[in-house]
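Just below is one structure, and these are the notes that go with it.
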Amino acid sequence: MILKRIKSSSSCPDLSFMKIVFISYSSQLTYKDPLLWIEKISNFSALMNALVPYCSIAYIKQTGYEGIIQKNNVDYIFLRSINKKPRFPWRLNKALKKLRPDIVIVSGIRSPLQVMLTKLQLGKKVRLIGKHHAESPPTGFRKILQRFADRCFDAYLFTSKGNAAEWIKSGIIKNENKLFEFSGSSTAFKKMNKKDALQKTGMNGSTNFLWVGGLNENKDPLTVLEGFEKYLASQAGSKFYMIFHTADMIDTVQKKIDESKSLKNAVVLQGYVPYNEMPAWYSAANFFISGSHSEGGSFALAEAMACGCIPIITKIPAALKMTGDGKYAISFRAGNADDLADKLMGLSSISKTFADEVEKYFSDHLSADSMARQLYEYCISLLQKKSK
């Protein structure tokens, strides 16, 4: 890692080696150590690293630090900021313009004023792509602004076109041809030896289930616990390990467990686990359960699949898309504990090779290398289309 000054590239799109810059309008003011931020976004960095053989990559982030760091041939540009989300991103746009990008990918699509200013400062030649992050369409005056911002976006990245349905219905996204299905949720995790993983984590159920996510209403831990409780009536030896970093519903969840003898014996509220230890948990578990009602994409789901942990997901667009339209997962209706219990009861009929098939699907479709090729090819097609 070295500090360096970035040289500007040619202003003319070079389809053989284009320049892509990733930006975000939000700031992370508490991060004064850039290496800590780079470590925090390691899943996303894996995608940028995989893009390096194809094109020039830069990343701009507003934090409590000012400077430029190069790591794995990706230029990380940090701008010191005092605002959580500057309404007028002049400094960011100025730094962006100096890079002379061909493609700019914006994290999040609900910043209409900022998007319009960026497009104005960069000009028409630069292609602006918005990456959806589970945001819902705005209403009122912001909805009007968002419709103007739609004219500035040349394309959108949605995990599933189903996630874009409400944006299209609201009249904000007028051209469905601007949508590209791309999850962006990948990981560098690899499956560990199961025996070693079980020893490291201490998992000891006859069948081990894993939860990774916040304890909140959208993730719906109560429905999952209710469904799991019904399953335990015939599978008392199974264990359910819950890893979480945010715990809005911890008291409610604890009460649910305390009121059930079977859950008290089977559920382990593991809480926080250091990120670098997570491959062992995914590798030790037989199944990963998600109860989400909505998601833009899921790093936890990608991590589980990378380690051959079979996903049990809700029938929401993003999760279904990430699992090959549900082919490489078991799916149930969100909020329906009975449906989940029924699906859990049928797990014994799953092929012994299914975990390997899940892992292979991740490698072929969701790995950083695979997604880098997908994104690169789409960006090339976007530049070629616009240059005609």
Which heavy atom in [X] sits nearest to a heavy atom in [Y], and how many Å separate them?
X      : Y      : value
Thr201 : Ala284 : OG1-CB, 3.6 Å
Gly291 : Thr314 : C-CG2, 3.6 Å
Met203 : Tyr241 : CA-OH, 3.3 Å

Query raised in the report: Is atom CD of Glu39 surrounded by more than 12 heavy atoms (other residues, nucleotides or ligands) closer than 6.0 Å?
Result: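 No, not enclosed.
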**Report entry** Atom CD of Glu277 with >12 non-hydrogen neighbours under 6.0 angstrom
**Finding:**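 Yes, because the 6.0 Å sphere around CD of Glu277 holds more than 12 heavy atoms from other groups.
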Taking the six-membered ring for Trp, are [X] and [Y] parallel (under 30°), tilted (30 to 60°) or perpendicular (over 60°)?
X      : Y      : result
Phe182 : Phe180 : parallel
Tyr76  : Phe78  : parallel
Phe354 : Tyr328 : parallel
Phe228 : Tyr231 : tilted

Between [X] and [Y], a side-chain donor and acceptor under 3.5 Å:
X      : Y      : result
Ser294 : Asn218 : yes
Ser283 : Lys190 : no
Glu295 : Ser292 : yes
Asp220 : Thr223 : yes
Ser370 : Gln374 : yes
Glu303 : Asn43  : yes
Thr118 : Tyr25  : yes

**Report entry** Stepwise salt bridge (charged side-chain N to carboxylate O under 4.0 Å, His left out) test for Lys40 and Asp33
**Finding:** CA-CA 11 Å; Lys40 179 178 174 61; Asp33 183 341; over 6 Å; no
Query raised in the report: salt bridge (charged side-chain N to carboxylate O under 4.0 Å, His left out) between Lys230 and Asp338: does it pass, once the steps are laid out?
Result: CA-CA 8 Å; Lys230 295 175 186 293; Asp338 289 333; 3.4 Å; yes
Assigning hydrophobic clusters by single linkage (Ile, Leu, Val, Met, Phe, Trp, Tyr; side-chain heavy-atom cutoff under 4.5 Å), is [X] placed with [Y]?
X      : Y      : value
Leu340 : Met345 : yes
Val268 : Phe244 : yes
Val126 : Tyr156 : yes

Has [X] got a side-chain atom pairing as donor or acceptor with [Y]'s backbone, closer than 3.5 angstrom?
X      : Y      : value
Ser260 : Ile257 : no
Asn265 : Lys261 : yes
Ser160 : Ala318 : no
Asn175 : Asn177 : yes
Gln62  : Pro89  : no
Ser107 : Ser24  : no
Ser27  : Leu29  : no
Tyr361 : Gly324 : yes
Asn286 : Asn208 : yes
Ser183 : Gly297 : no

**Report entry** For Tyr275, ring pair (Phe, Tyr, Trp, His ring centres under 6.0 Å) partners two or more places apart
**Finding:**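 Counting only residues at least two positions away or on another chain, Tyr275 forms a ring pair (Phe, Tyr, Trp, His ring centres under 6.0 Å) with Phe189.
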Query raised in the report: Would you call Lys343 and Asp339 a salt bridge, using N to O less than 4.0 angstrom?
Result: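 Looking at Lys343 and Asp339, the cut-off is met.
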**Report entry** Cationic N near anionic O, under 4.0 Å, Lys191 to Asp356
**Finding:**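 A salt bridge is present here (some side-chain N lies under 4.0 Å from a carboxylate O).
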Would you call [X] and [Y] a side-chain contact if the rule is heavy atoms closer than 4.5 Å?
X      : Y      : answer
Phe240 : Leu232 : no
Ile109 : Trp167 : yes
Asp258 : Gln254 : yes
Asn93  : Gln114 : no
Thr63  : Arg80  : no
Glu181 : Lys161 : yes

Query raised in the report: Stepwise, does the side-chain hydrogen bond (donor to acceptor under 3.5 Å, both in side chains) test hold for Ser111 with Lys85?
Result: CA-CA 10 Å; Ser111 301; Lys85 187 176 182 180; 2.6 Å; yes
Query raised in the report: For the salt bridge (charged side-chain N to carboxylate O under 4.0 Å, His left out) test, which of Arg110, Lys119, Lys178, Lys143 pairs with Asp150?
Result: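 In the set Arg110, Lys119, Lys178, Lys143, the residue that makes a salt bridge (charged side-chain N to carboxylate O under 4.0 Å, His left out) with Asp150 is Lys178.
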**Report entry** Check against side-chain contact (heavy atoms from CB on, under 4.5 Å), Leu269 and Val253
**Finding:** CA-CA 9 Å; Leu269 292 177; Val253 168; 4.1 Å; yes
Query - Pairs meeting criterion salt bridge (charged side-chain N to carboxylate O under 4.0 Å, His left out) with involvement of residues 53-70, two or more places apart - result: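 Sorted result for residues 53-70: Glu66-Arg91.
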Query raised in the report: What do the steps show when you test Leu113 against Arg87 for side-chain contact (heavy atoms from CB on, under 4.5 Å), and what is the final call?
Result: CA-CA 7 Å; Leu113 180 60; Arg87 185 171 296 177; 3.4 Å; yes
Requested in this report: Evaluate the salt bridge (charged side-chain N to carboxylate O under 4.0 Å, His left out) criterion for residues Lys360 and Asp364: first the C-alpha distance (whole Å), next the side-chain angles of each, then the deciding distance (0.1 Å), finally the verdict.
Outcome: CA-CA 6 Å; Lys360 186 177 187 309; Asp364 292 343; 2.6 Å; yes
Report task. Show the numbers, then the answer: is there a salt bridge (charged side-chain N to carboxylate O under 4.0 Å, His left out) between Lys256 and Glu229? Result -> CA-CA 10 Å; Lys256 172 71 176 175; Glu229 183 180 17; 3.6 Å; yes
Report task. Determine, step by step, whether Leu179 and Leu157 satisfy the side-chain contact (heavy atoms from CB on, under 4.5 Å) criterion, reporting the C-alpha distance in whole Å, the side-chain angles of both residues, the deciding distance to 0.1 Å, and the verdict. Result -> CA-CA 6 Å; Leu179 303 178; Leu157 304 179; over 6 Å; no
**Report entry** Sequence neighbours excluded - ring-ring contact (aromatic ring centres under 6.0 Å, His included) pairs with any residue from residues 280-305
**Finding:**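 Sorted result for residues 280-305: Phe209-Phe287.
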